[in-house]
Amino acid sequence: MASLDSAIAHEKRSIDRKAIIQKFAALAGLVLLVIAFSLTSGAFLTMSNVVTIALQTSTIAFIGIGATVTIITAGIDLSLGSVLALAGVVAAMAAQMGVPVPLAFLIGVATGGVCGVFNGLVITRLKLPPFIATLGMMMIARGVALQITGARPVSGLPSSFGTLGNDSLWRVLTETANGFPKIVFPGIPYPVILMAVLAIIMAVVLRKTPFGRHLYSIGSNEEAARLSGVKITKVKIGAYVLSGLMAGVAGIVLMSRLVTGQPNEGVAYELDAIAAAVIGGTSLAGGVGTISGTIIGAFIIGILRNGLNMNGVSSFTQMIIIGLVIIGTVWIDQLRNRR
Amino acid sequence: MSAVISGQAARIPEGEVADPILKARGVVKRFPGVLALNNIQLELRRGEVHALCGENGAGKSTLMKVVTGQLQPDEGEVTYKGQPVHFDTLQDSEAAGITMIHQELNLVPHLTVAENIFLAREPKKGWFVDRKKMEADAQIFLDRLKVNIKASDLVLSLSVARQQMVEIAKALSLNAEVLIMDEPTSALTESEIDQLFAIIHELKRQGVAIAYISHRLQELGRIVDRVTVMRDGGYVWTKPFDEVTVDDIVAAMVGRSLEQQFPERVSTPTDELIFEVRNLSGVRNCRNVNFTLRRGEILGFAGLMGAGRTETARAIFGADPKTGGEVLLEGEEITIASPVDAIKAGIAYLAEDRKLNGLSVKMTVKENITMANIEAVVRHGLIDKAAEAQAARQSIAKLGIKTPSIDQVVRNLSGGNQQKVVIGKWLFRESRVLFFDEPTRGIDVGAKFAIYQLLDQLASEGIGVVMITSELPEILGMTDRVVVFHEGEVSGILETRKTDQEEIMQYASGVKRMSL
């Protein structure tokens, strides 16, 4: 019995070690970035900048989680950015019409879910490749967002519409001698809290539920999954609905931050989302990927942008650097898998 | 040439005098943990068809890979046209005149015949492909084979047999002097085989040396001059075909009697019916199929490739649509519209191609074992890690799966262990009837024995076992009864101990037919 226990313990150790090494590459990159930027810019590692980074990263993280779910099934969701815009403007229009803000937000998120159902049905019923189906949705959602708003920002929203995107938990203020408020602790922005909560929920869904296991099995070998009794259609539609819901969440958070509905928001954001997933170790061939990896990927992109900005690097150069980072990380990942 | 090697080699009297174009001597090839080739010799002469016989895993393909430069031998040498040669790649050996036609044809379906024949060596006019010259040249080689194929035809519009002709034409265009054919007739109809053999005779006349790998021993007599038999990576003998019988070849291939190759059966058939199929028809190659399965029995499905055995199993399992018929499990009719229904009823289908249809090779042993029954380890909506690990460990212990851990990715296991993982998946589901489609394909001899033992054990536990196999010795060694398929229909159901390979082949080829 003792030997069995020790065998199990040994087995566990070796697995843990392997998993740690796998995650280590991306995480090490993240740590190196933080060290490099804190050395080059004194303002980088301040409390307010850390909060800013987390806030900026949350949008990439929301849609990155959505992208991860569909890529694990060997699919793709190119409609994330457009669905984000549609969900946001729908929420804004609802609030403008007098719908209570929390309900308006729910309507916005649900709009994302509806887009996901449409994607899922086109992929499973019409049997179109996910690339084509979501490319279509990318244009449809953007078109609808522009059409219903007349391509104009939706403004005149109640101030409570801005709470989700702009307020923080545990913000500590003191009054200075001349009566102005002074920020002692900026607090944790609501979008960052939402990001953490959703990331944990989605990680549990992927790792612990039968649905999550089925996502991986479809991405790994769809025919084997079907012959094992996995309900392919349901699970795939589920994946695209989750992706749409995450785009919806990103949409309401972003529009709340702007306190307007911007139909032109989020153009090409899906590419950031896919990049975050891929940097975090998700394989475009399907069957492989984790939420924690994607969050790390999202932070790598967020920190690169923020740090390069603080060092005065132009946005064009930033694009070049991020492009190289994507190519580099995936290359390293492939080298490791090839052994 | 080393005197030591020629000194210890078996003497082949005429071999030395005739004109050997390709010779392999003392070839040894080791893979991690396996001696794949052990002191192999082979000698091909110009204008002969030389059959290479041996069971799966005997080393035929490995030897051919060594000869064509896809693998490098650890010991021994290959001589070609009297010179020791060393090919680094397949392209090297092709350039020298040795061409191999694989069982899975290597053509690009969306290109034309001419484009395939001259792929990567297109005739050019300036910077552009000289399409006219390419098609004219391709047509010359096609015409030499006397086949009615146009060089401008798309490959995907051709039948498998005609695609094979294109491969041969491609070999001719490479000025092949040695042609290696791996199971060329396995997907062909009788008349297509006649056509292929006519071409082989023609090539022979032109002085091409042909190495011919086939499991269909009966047809060898029509074309073969000499036979080399291999067994478990070793060389057995080379003899002129006239001097041996098919039985001699089989005995040399197997190297032991059927009793040693298969385990002593523990299970015994009872009279109790556990599964029955009546008048089943499916959309693909399955018409009016009837059979019964008794408790404790192992039932075999025999037939040629494309006879409808796999299609029948897939239709029963709901993987392909049915057009009619009834399926009865323990006397009760069940409706199966999809694999989900079949699995619920307790029917499992272990697909023919493990990696394509049976396993998720990127996932772990544990995840594969629980895949068909994940609900069994779910508590409050979440997968219970401990319960899942326990389930996986039980399967590993029961089936003797050799894996460093339950979290090992299945891709890294050997073929035999992968097959056991698939079996573990269905046992964890507590399946009551299991269809094994080619369960021992591509796994080594020792692992086969373990799989046979497992099938027997399942049958003795009262689980219905149906074994679909193309290996007739497996049918004879393991089953109680055999259902023989011919062109999508059952042509006969035979008591295994009252039949033999010959009779089964007569039913399989449609020569004989039972009224059922």
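All chains are named by letter (A, B, ...) in the order of the sequence lines, taking the proteins before the strands, and each is independently numbered beginning at 1.
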Toward chain A, the part of Thr370(B) with a non-hydrogen atom under 4.5 Å: side chain
Measure distances from Val205(A) to the heavy atoms of chain B and classify the residue's part below 4.5 Å as side chain, backbone, both or neither. neither
Less than 4.5 Å apart, any side-chain heavy atom of Met371(B) and any of Arg213(A)? no
For the candidates Gly219(A), Ala225(A), Gly229(A), Gly212(A), which exhibits the highest count of non-hydrogen atom pairs separated by less than 4.5 Å from chain B? Gly229(A)
With salt bridge (Lys or Arg N to Asp or Glu O under 4.0 Å) as the criterion, how do Glu223(A) and Arg314(B) come out once you've worked through the C-alpha distance, each side chain's angles and the decisive distance to 0.1 Å? CA-CA 12 Å; Glu223(A) 183 63 7; Arg314(B) 286 179 61 96; 3.5 Å; yes
Taken to the nearest 0.5 Å, the spacing of Leu227(A) CG from Ile343(B) CD1 works out to 7.5 Å
Would you say the side chain of Met363(B) lies within less than 4.5 Å of the side chain of Tyr216(A), judging by non-hydrogen atoms? yes
Counting only heavy atoms not in Glu333(B) (residues, nucleotides, ligands), do more than 12 fall under 6.0 Å from its CD? yes
Residue pair Ser217(A) / Glu367(B), side-chain heavy-atom distance below 4.5 Å: no
Side chain to side chain, Thr209(A) and Ile383(B), heavy atoms closer than 4.5 Å: no
Any sub-3.5 Å donor-acceptor pair from Arg226(A)'s side-chain atoms to Val340(B)'s backbone N or O? no
Within-4.5 Å side-chain heavy-atom neighbours: Leu359(B) and Asn221(A): no
Looking only at atom types and distance, does a side-chain atom of Lys362(B) sit under 3.5 Å from a main-chain N or O of Gly286(A), one as donor and one as acceptor? yes
